Amino acid sequence: MQSIISISQLSKTYESGFKALSDINLDIRRGEIFALLGPNGAGKTTLISIICGIVTPSSGTVIADGHDIQTDYRAARSKIGLVPQELTTEVFETVQATVTYSRGLFGKPRDDAKVEAVMKDLSLFDKKDDKIVTLSGGMKRRVMIAKALVHEPEILFLDEPTAGVDVELRRGMWEVVRGLREAGVTVILTTHYIGEAEEMADRVGVISKGEIILVEDTSELMRKLGKKQLTLILQEPLDAIPDSLVAYGLDRSEDGTELVYTYDTQAERTGITRLLADLSAAEIRFRDLQTEQSSLEDIFVSLVSDKR
Ligand SMILES: Nc1ncnc2c1ncn2[C@@H]1O[C@H](COP(=O)(O)OP(=O)(O)OP(=O)(O)O)[C@@H](O)[C@H]1O
Ligand SMILES: [Mg+2]
């Protein structure tokens, strides 16, 4: 698939000397929802800010819809809508005035029908004459999205769109994002919530300490999520795994008292019945067993902690 954003060898060292991004290479596909997942301070906002021209990179390039964000800034920026992590807007203005003004900022001609359509899409039309200060947090965030969309960008960045938003509004936000994708907008969102990435994104990129450590189709991550582990606590420690059990790919704990079998819950056969029969044949007895689901959360935590 054609990429709409192409990031190569991008690094950022802040003036303080802190290296926030190192050698980022990432392509965003046209029309996808991409979730950038990472802990606090990983570099998500820095990366987005560079693409949006708010922060200058130390090295590397970013091409957005065919335009270099440094040498061809205005053209690149006109393709991009940004909903920043921190909500900043003119609180005493009305919704309609704020959204209308944002369109003008990008040099687009006034278009009341477009402003109306964007407000309607975000269920803000009823509130169009309300002052922003009177809106709830979730509604304010919708105003920010309206502001980011009113100049008709191809690419929308949502930096933590659902932080501090309740479950219902979060679902509402997801609906909005899905609607945008249907309209052909490429959406890149950042999140701390693995569940949100899972629910929303076509692909997930995990960022940790300024490095992209994994980019994968969400469905592939879900497949990994389908893995379960069966731990057998043995009556007698085992020095080595007998040949008759090698095919199961068991992990033996250091002290030999536990065997761990990893299997796919979505497979037709888990292999557990045969494993237990073969254990019995090898005269290995266990006194207890437990199963554990390896969740995306575990995968994420282990990926991120490996980098520490
Ligand atoms: N202007 C700056 N000067 C120096 N360091 C900065 C600056 N802005 C950010 N940083 C540092 O760069 C790192 C990455 O920050 P960034 O805001 O990109 O993280 P983030 O992934 O968006 O985190 P969060 O999930 O908390 O929003 C952090 O350690 C932060 O302290
Ligand atoms: Mg951030």
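The residues of the chain are indexed from 1 along the displayed sequence. Both backbone and side-chain heavy atoms feed into the values below; hydrogens, waters and symmetry mates do not. Each ligand, and each atom within it, is numbered from 1 in the order the structure gives. This one's a predicted model, so the numbers in the text were calculated from it and none came from an experiment.
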- Item | Heavy-atom closest contact (Arg203 atom, Thr218 atom, distance) | N-OG1, 3.4 Å
- Task: Mind checking whether Glu15 contacts ligand 1 via backbone (N, CA, C, O), side chain (CB onward), both or neither, at a 4.0 Å heavy-atom cut-off?
- Result: neither
- Task: Answer yes or no: are there more than 12 heavy-atom neighbours, outside Lys114 itself, under 6.0 Å from its atom NZ?
- Result: yes
- Task: For salt bridge (charged side-chain N to carboxylate O under 4.0 Å, His left out), just list the numbers for Arg178 and Glu199, CA-CA rounded to whole Å, side-chain angles, deciding distance to a tenth of an Å, and then say yes or no.
- Result: CA-CA 11 Å; Arg178 287 199 189 95; Glu199 177 75 25; 3.1 Å; yes
- Is any N or O atom of Gly38, backbone or side chain, closer than 3.5 Å to an N or O atom of ligand 1? no
- Message: For ligand 1, which is the ligand I care about here, please tell me if Ala20 has any N or O atom under 3.5 Å from one of the ligand's N or O atoms.
- Response: no
- Salt-bridge criterion met for Lys120 and Glu116 (N-O under 4.0 Å): yes
- Provide, to 0.1 Å, the distance between atom 5 (N) of ligand 1 and the closest protein heavy atom, together with that atom's residue and name. Tyr14 CD1, 3.3 Å
- Item | Heavy-atom nearest neighbour in the protein, as seen from atom 24 (P) of ligand 1, with distance rounded to 0.1 Å | Asn40 ND2, 3.6 Å
- Query: Looking at side-chain heavy atoms only, is the closest gap between Leu275 and Leu250 below 4.5 Å?
  - Reply: yes
- Task: Would you mind checking if Asp202 and Arg29 are paired as a salt bridge, meaning a charged N to carboxylate O distance below 4.0 Å?
- Result: no
- Heavy-atom check, side chain of His151 versus side chain of Leu105, under 4.5 Å: no
- Message: Test your reading of the structure: does Phe18 have an N or O sitting under 3.5 Å from an N or O of ligand 1?
- Response: no
- Message: What protein heavy atom lies closest to atom 17 (O) of ligand 1? Include the residue and the distance to one decimal.
- Response: Thr45 CB, 3.6 Å
- Message: Would you say atom 30 (C) of ligand 1 makes contact with the protein, given that contact here means a non-hydrogen protein atom less than 4.0 Å away?
- Response: no
- Task: Return the residue, atom name and 0.1 Å-rounded distance of the protein heavy atom closest to atom 18 (O) of ligand 1.
- Result: Thr46 OG1, 2.6 Å
